[in-house]
Visitor: 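This structure is in structure tokens; I'll ask about it shortly.
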Amino acid sequence: MSIGRVTLLISAFNILSKFIAYIRELIFAYAFGTSSTGDIVRLCNAFILIPISFATTEIFNAGYVGEAKRLGYSEGGARKNLDSAYLLFSIAVGLIITALAFTFSADLAEILKIPSDHALLFESFYTITALSAPAITAYSFLSYRQLIDSKPLLFSIRSPILNFGFILGTIAYIYLGEISLIPLSYVLTWILAITVAAVTSDSAKLLTLRTLKRVKLNIFKIFVIWRTVIFLPVAAQLIFIIERVYAARSGTGIVSAVEISRIIIDSAIVIVATPIAQSIISYKGPHPETAAKLAIQKQLPILFMLLTPLTLFFAIDAHSLISILFERGKFNKESVEITSSMLITFLPGCFGFAITMVWSRYYSVCGDNRKYIYLLTIPNLLNIALLPLMTLHYDELGIGTSYSIAWSIAGIYSFFSLINTCKISTKNILLLSFIILSSICSYGIAKAVQLSTEHFLLSGAIFLTLTSLAYISHNSLRAKMREYLNK
């Protein structure tokens, strides 16, 4: 399969996974609303997936892909030994995560300050969910193994599978009333997935006795790689763990509010910023660095033109958005208030993260991995440092506030860096200024209408109308939009 088709397939499934994640949140909100039981279900799932991502996915990205590409595709020899080592490593990591869950589930419940009447539920749910860990880690490796051989299907459907088992279990709980069906469905889904993956990838050949005798050196290489790349995944995964710990301690339903806010923000970034960031990598030119600069010059106004009104629309109409999408079943008006307030605190960080992601692709294209890692790691570390202070002053809303402060700082730095490095013209800077100012003015008018009428949908419609009229009236913006749509 060609590189273009591989990229298209992965992008399509990436968007599909976000849609399925929304369906998951919709069903979960209907079943649990913002309740302590729902928080426990989410925490158990997160505390299984986060260690898996930390211990395997980053290792595959940083170590396995490059080494396997260097060795090339072959049925035997060094490539087969490498594959065997990584498969063993992934299975071992999954078994360790399962063992730790069974051993320390009670301690984790105490750390999270789970109420005594829910502690037993947390422990049983967490241990059942942990049974899926070996299947998930092994599947992750097999999906990467096929991806580098231009067979991206297993890799593409990993995220949908993560959500599919969760959705089936939640639906079973709604109709049958047995909460243990959620983790059981999740585990069974992954057992089925790894069975299919093992058969289609012919992984049995990787675990023959003759092959296993040759994996010692490759296992050593894995741990060397783990030591060299640990800085980035530690920061990225720690913030997810710490956010959920603070959310669990803040009160009932806050974990659900954080998860829904994250889903909405991630969806906005995937739809708007990710295609623009990826285009910087694929943009053709005489030299990679020059091509990346040209791509940023062309795409930066498009990013601002799409993301600025989207972010401000969420800010002005968060209450209506959450109400329309989720207010049904046990997700009541109180749940809407909690979640919409949480979403608003995350929004400034969404804009900063998108700009930082675009700018990080420039370092990636130029091969400057150190700056790439620093740019994506330092905001996470700053977020971790700010979280205790923000939650102390703003309670649960401090979770989103610390995220927004950290990524806004990163976004401002990235914005001025790309302006200086890519030599953004004065004309384009004025264009960006017009986009921001016209959107802010439209937001101010719409917000005034909202305060006087208390009508969220009307204010949102006024904002979108005024912003659209401002964009249409600007000749350069019309030209940019036509160019973007023609692609």
Visitor: Would you sort out whether Phe166 and Phe28 count as a ring pair (Phe, Tyr, Trp, His ring centres under 6.0 Å), showing the intermediate values?
Guide: CA-CA 9 Å; Phe166 206 70; Phe28 194 86; 5.6 Å; yes

Visitor: Can you tell me which residue pairs pass the salt bridge (charged side-chain N to carboxylate O under 4.0 Å, His left out) test with a partner in residues 159-173, sequence neighbours excluded?
Guide: none

Visitor: Of all residues at least two apart in sequence or in a different chain, which pass the side chain to side chain contact (heavy atoms under 4.5 Å, CB included) check with Leu181?
Guide: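 For Leu181 the side chain to side chain contact (heavy atoms under 4.5 Å, CB included) partners, ignoring immediate neighbours, are Ala172, Leu176, Glu178.
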
Visitor: Report yes if some heavy atom in the side chain of Phe346 is under 4.5 Å from a heavy atom in the side chain of Leu397; otherwise report no.
Guide: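 No, too far: nothing below the 4.5 Å cut-off.
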
Visitor: State, yes or no, whether a side-chain contact exists between Ile128 and Ile182 at a heavy-atom distance under 4.5 Å.
Guide: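 No - every pair of side-chain heavy atoms lies 4.5 Å or more apart.
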
Visitor: Is any side-chain heavy atom of Trp407 closer than 4.5 Å to a side-chain heavy atom of Asn380?
Guide: yes

Visitor: Kindly state each residue pair satisfying salt bridge (charged side-chain N to carboxylate O under 4.0 Å, His left out) with at least one member in residues 318-331, sequence neighbours excluded.
Guide: Glu327-Lys333

Visitor: Count the heavy atoms of every other residue, nucleotide or ligand shown that sit under 6.0 Å from CZ of Phe314, and state whether that count exceeds 12.
Guide: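 Above 12, so yes.
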
Visitor: Suppose we screen for side chain to side chain contact (heavy atoms under 4.5 Å, CB included). Which residues come up paired with Pro309, at least two apart in sequence or across chains?
Guide: Ser439, Phe463, Thr467, Tyr471

Visitor: Salt bridge (charged side-chain N to carboxylate O under 4.0 Å, His left out): which pairs involve residues 86-100, sequence neighbours left out?
Guide: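 Pairs touching residues 86-100 that pass the test: none.
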
Visitor: Under the salt bridge (charged side-chain N to carboxylate O under 4.0 Å, His left out) rule, what pairs show up with a residue in residues 94-107, not counting sequence neighbours?
Guide: none

Visitor: Under a 4.5 Å cut-off applied to non-hydrogen side-chain atoms, are Tyr403 and Phe353 in contact?
Guide: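 Result yes, sub-4.5 Å side-chain heavy-atom pair found.
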
Visitor: Does the side chain of Phe326 come within less than 4.5 Å of Val336's, by heavy atoms?
Guide: no

Visitor: I want to check something: taking the side chain as every heavy atom from C-beta on, are Leu120 and Phe125 in contact at a cut-off of under 4.5 Å?
Guide: no

